[in-house]
Amino acid sequence: MVIYGVALLAACMLIGVFLGELLGLSLGIEANIGGIGIAMIVLVLAVDYFKKRNRLSLPAQDGLSFWSAMYIPIVIAMSANQNVYGAIQGGPLAITAGITAVVLSWMLVPLLSRGGSQPTDDEILEEKTTLGGKDNYARDTK
């Protein structure tokens with residue numbers, strides 16, 4: 001069900017926009033700075049928190065997955081258009097800063113992907129037990 005998880009998504013969005021506005025005001029800029037990125041980080045942390053405590057139902061997880069798949073590409077496309085336009089007007093320093101940020105981000109992906117820990121057999125068994133002994137493989141492959 002798509003509607004499940006939307007309240008959590010909306011709350012994270014409001015928190016991110018609020019914090020982005022505060023960041024802009026604290027830097028003396030009358031704009032939202034990083035509000036969408038902050039919202040996405042808050043959403044990832046909230047989903048992880050609720051999953052670890054079994055407080056997020058499977059329909060809510062499915063709804064969040066759907067909206068993440070829809071939301072992130074749209075936001076990236078909208079912000080990419082604005083960033084390219086601003087970089088062209090900002091001159092070579094803005095273009096160089098943008099390229100540098102992208103390259104550094106790409107370089108950090110392998111480092112961050114190695115940082116996670118693999119679940120132990122006991123953790124996998126416990127997860128299956130808390131889900132009523134059901135294997136999520138059939139649901140995940142649909």
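Positions are given from 1 along the sequence.
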Practice prompt. Answer yes if Y49 and W67 sit in the same cluster of Ile, Leu, Val, Met, Phe, Trp and Tyr residues linked by side chain heavy atoms under 4.5 Å apart, and no otherwise.
Written response: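 Hydrophobic grouping puts Y49 with W67.
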
query: Does F18 belong to the same Ile/Leu/Val/Met/Phe/Trp/Tyr cluster as I15, with side-chain heavy atoms less than 4.5 Å apart forming each link?
result: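 Same cluster: F18 reaches I15 through Ile, Leu, Val, Met, Phe, Trp or Tyr contacts under 4.5 Å.
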
Might you work through the side-chain contact (heavy atoms from CB on, under 4.5 Å) test for L64 and Q61, ending with a clear yes or no?
CA-CA 5 Å; L64 287 167; Q61 291 177 32; 5.8 Å; no

For a quick test of your reading: what N or O donor-acceptor pairs under 3.5 Å do the side chains of residues 91-102 make, sequence neighbours left out?
unit_1: T96; atom_1: OG1; unit_2: P92; atom_2: O; d: 2.8
unit_1: T100; atom_1: OG1; unit_2: T96; atom_2: O; d: 2.7

Discussion item. Counting C-beta onward and ignoring hydrogens, is there a side-chain heavy-atom pair between F50 and L8 closer than 4.5 Å?
Written reply: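 Yes, side chains in contact.
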
Solution key, residues 23-44 side-chain donor-acceptor pairs under 3.5 Å, sequence neighbours excluded:
unit_1: S26; atom_1: OG; unit_2: L22; atom_2: O; d: 3.3
unit_1: S26; atom_1: OG; unit_2: L23; atom_2: O; d: 2.8
unit_1: N32; atom_1: OD1; unit_2: G35; atom_2: N; d: 2.9

